[in-house]
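For reference, the structure is listed below as structure tokens.
Heavy atoms only: backbone and side chains are in, while hydrogens, waters and symmetry mates are out. Every chain is numbered from 1 and lettered A, B, ... according to where its sequence line falls, protein lines coming before strand lines.
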Amino acid sequence: MSIYDTLNEQQKKGVFTTDGPVLLLAGAGSGKTRVVVHRIAYLIEEMGVNPFNILAITFTNKAAGEMRSRVDKLIGFGSEQIWVSTFHSMCVKILRRFADKIGYDTNFVIYDTDDSKAIVKEIIKKLNIDTRYIKEKAIRGAISHAKDELIGVEQFEKDAAYDMNERKIAAAYREYQTTLKKNNAMDFDDLIYNTVKLFKEHPQVLLNYQERFLYIHVDEYQDTNTAQFELVRLLADKNKNLCVVGDDDQSIYKFRGANIRNILDFEKTYPNATVIKLEENYRSTQNILDAANAVIHNNVRRKDKSLWTRKDSGNQVHFRQFETGKEEAEFIVSDIKSKSRKGIIGYSGCAVLYRTNAQARLIEEACIMSGVPYQVVGGVNFYSRKEIKDLMAYLKTIDNGKDDLAVKRIINIPKRGIGATTILRAQEAADAENISFYDALKKARSIPSLAKSADKIERFTDLIEYFRHRLEEYTLVDLMDEIISKTGYVEELKNDGDDTALDRIGNIDELITKINTFTDENEEATLSDFLAEVALVTDLDETEDDVEKLMLMTLHAAKGLEFPHVYIAGMEDGIFPGMMSIVADERDELEEERRLCYVGMTRAMVDLTLCCAKCRMQRGELQYNAVSRFVKEIPMELLDNKPQVRRTRDFDDYGDDSGFASSFKPKAIARAKQTERMPVMAKEVKALNQISGLAKGSDMNLGELDYTVGDRVHHIKFGDGTVTKIDREPRDYKVTVDFDTAGTRIMYAIFSKLKKI
DNA sequence: TAGTTGGGTTTTTTT
DNA sequence: AACCCAACTA
């Protein structure tokens, strides 16, 4: 009995068709990763291919890690030689070797979204662009899109010749690339773009990789953009042993440049391609599949296929409608809690999915209130938190003074009395002499305009130079420790007693742990290596999956995962599908939302619950939404509750909702009054006033804590602890508690709801 | 120069 | 509600 016997016929075909182009159209849950992994095993063990000659590309680090470990398990020997990598990290590896051929240093830094934002802002000022007509986001979007489509600056300028705004954007694009090059930096899009450029301009480099990668696999092929497509095409051009796996119904990254044509037209690009459809689903019950199929069938632009399963029909899909978003969240969490209590399913077997990250808050609050352990996947990236970015900027500056952006970030952190004026002057001097910002700082004393602040500047550059010398003998962790102590970063955090200070310090500890792990795993690694690694890491990559926690994430983040019980919150027109896609004149956008819905539904293995609210807070205003059209696309008999026809608005049971009390401000109410648009508003304003009364009430409560220093208290999330300090603040008490298990936390009395025990 | 306040703006989704 | 920016004050 061989490892291939467990595969179905179609899967086998995918595994055994090793030569030539192969398109594996793999529906959700049809075992596509399994096919790729077995295929790799087959190549090595049956075809005698050297693992060294195999490449597997994924989109996320997590997917790469998953594939790596599954390959390791299936293939005993030599599996570490296989190149399993994301597009981005593959390109970094290639560019670290050859970037000098296209005019970069090989130790280039990688700019994240925040960095490019900052650059674009500078450019807007420099080029005097009026942001009333051209938004910063539009510029960034245009630049990014251009690179995704392999449109360089020159081409962009040509195309833009006849349009005022486009010409401005073209100028910004040019300036942006110049700035990045000057800083020896590449953004995410550059990584792909430049690798393609490298391959096109240097055929011998390309050939080198073509001869190495004899068998190429691309996962989630439907998410490739034009540049990635071209990259793959070039790599596979010599041998054409290209196996792409994807599902056009799960293409949900158009906004990031993904070109669905890549998968729809694969057969046009490779006329002799073998096309294999995997339609047997091993994940979900028939009811869930039928519902998902019914939704996706409303899309026009797709390859027709229908998933089926050998499983029973299972439960109906649950549908629940609530008055408010808060009730929705409370229901979801209490439902999960009761399932867990009854032993139906553990917390880690459940996931709550939503369209936008902002929706996570309500669910989170409900979890805290009822003591359900949870983990939010994604959200704010660890590495984009202020304190982490600050310390990383120190590392970047020490590593490579060419990154002006990093230097400017920390030059006055902690405060050194170097303000905007000085920075501007130094930049002018740098521009005039055509040197980097940091080099200009080092020459401050000989630059007249900087003479006044030369002392302060020198103290900063001396510090950096000191760290640079230390780099030779120190480990990365020691260096980090010294940066923290010499700059007094943590000290300062502690002193200004911000209520987020402890979280921030915790983050810094985590950063140190991460550095430690990295240096343990990569003994030879340099500081540059660490910085590159970090630049490509997202929070999505770091989910601990074996812990008993309820998972909260966006629908996008859920792709590729599965859970026994899935809840989708906010099934409302305007939220999901989002307003933008409803208003858009092209059908495309709505189809993408529908695919997203399909992705979400097909995450569920045994139980799927769709929820919505009639009314919820959005952008500081109450909004009334109709039930999502996607729910209505599901045949009635598959649902346990019918979507109601929309009732007249009615708020009678809404007034006592004290949960909103602390978040309402008079300003919001004034605005709500201003935007009055319908007769119903009168009632709404009444409800709001009622709530605002409660808000005032809670402010007056100051002075009535039922515990004091030394008392034992209970917190719903952190458990029991001892109060060590209470500070009076204008609006509230700030309470410091030493928790038995959760460490020391500083929190506001009203929010923390501590109970004396 | 630094910190605060007020006003205006904004929204998907992420490598 | 959250964020960013500009203007004002200390």
Got a list of protein N/O to nucleotides 4-6 of chain C N/O distances below 3.5 Å?
unit_1, atom_1, unit_2, atom_2, d
C/dC5, OP1, A/Lys121, NZ, 3.0

Report each atom pair, protein N/O against N/O of nucleotides 1-5 of chain B, whose distance is under 3.5 angstrom.
unit_1, atom_1, unit_2, atom_2, d
B/dT1, OP1, A/Thr422, OG1, 3.0
B/dT1, OP2, A/Thr421, OG1, 2.4
B/dA2, OP1, A/Asn412, ND2, 3.4

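Figure legend: A/Arg96 and A/Phe108 shown as a cation-pi pair, the cationic atom lying under 6.0 angstrom from the six-membered ring centre and within 45 degrees of its axis. Relative to the ring axis of A/Tyr624, A/Lys614 does not place its NZ or CZ within 45° and under 6.0 Å from the centre. Judged by a 6.0 Å distance limit and a 45° cone about the ring axis, A/Arg256 is positioned over the six-membered ring of A/Tyr253.
Considering only heavy atoms from C-beta on, A/Leu235 comes within 4.5 Å of A/Met90 through its side chain. Within the 4.5 Å cutoff, the side chain of A/Arg594 has heavy atoms near those of the A/Val295 side chain. In this structure, A/Glu323 and A/Glu328 have side chains that are not in contact, with every pair of non-hydrogen atoms separated by 4.5 Å or more.
Across every non-hydrogen atom of A/Leu362 and A/Lys326, the tightest pair is CD1-N, 4.1 Å.
If you check the side chains of A/Asn298 and A/Glu633, you find a donor sitting under 3.5 Å from an acceptor. No side-chain donor-acceptor contact under 3.5 Å links A/Asn299 and A/Tyr598.
The interatomic distance linking A/Lys137 (NZ) with B/dT14 (P) rounds to 13 Å, in whole Å. One interatomic measurement links the two molecules: CG of A/Leu95 to P of B/dT15, which rounds to 20 Å at whole-angstrom precision. The nearest whole Å value for the distance from the NZ atom in A/Lys147 to the P atom in B/dT15 is 18 Å. With rounding to whole Å, A/Gln618 atom CD is found 14 Å from B/dT11 atom P. Distance A/Asn225 CG to B/dT14 C1': 13 Å, rounded to the nearest Å. For the pair A/Ile124 CD1 and B/dT9 C1', the computed distance is 14 Å after rounding to whole Å. Atom CE in A/Met90 sits about 13 Å away from atom C1' in B/dT15, given to the nearest Å. Counting to the nearest Å, the C1' atom of B/dT14 and the CG atom of A/Leu596 are 13 Å from each other.
Across B/dT10, B/dT15, B/dT13, the shortest atom-to-atom separation from the side chain of A/Lys135 is found for B/dT10. Side chain of A/Arg361, nearest nucleotide from B/dT10, B/dT15, C/dA2: C/dA2. Here B/dT13 is the nucleotide among B/dT10, B/dT15, B/dT13 with the atom lying nearest to any side-chain atom of A/His556.
Taking atom C1' on both C/dC4 and B/dT13, the two are 22 Å apart, rounded to the nearest angstrom.
Of the side-chain N and O atoms in A/Thr60, none sit less than 4.0 angstrom from OP1 or OP2 of B/dT14. Contact annotation: A/Asn357 side-chain N/O to B/dT13 OP1/OP2 distance is under 4.0 Å.
Both thresholds, 5.5 Å between centres and 30° between ring planes, are met by A/Phe255 relative to the base of B/dT13, so the two rings are stacked.
A/Phe59 comes within contact range of the sugar-phosphate backbone alone, with a heavy-atom separation under 4.0 Å but no base atom that close. Within the 4.0 angstrom heavy-atom criterion, base atoms lie near A/Glu593.
Remark: A/Asp249 engages A/Arg302 in a salt bridge, criterion side-chain N to carboxylate O under 4.0 Å.
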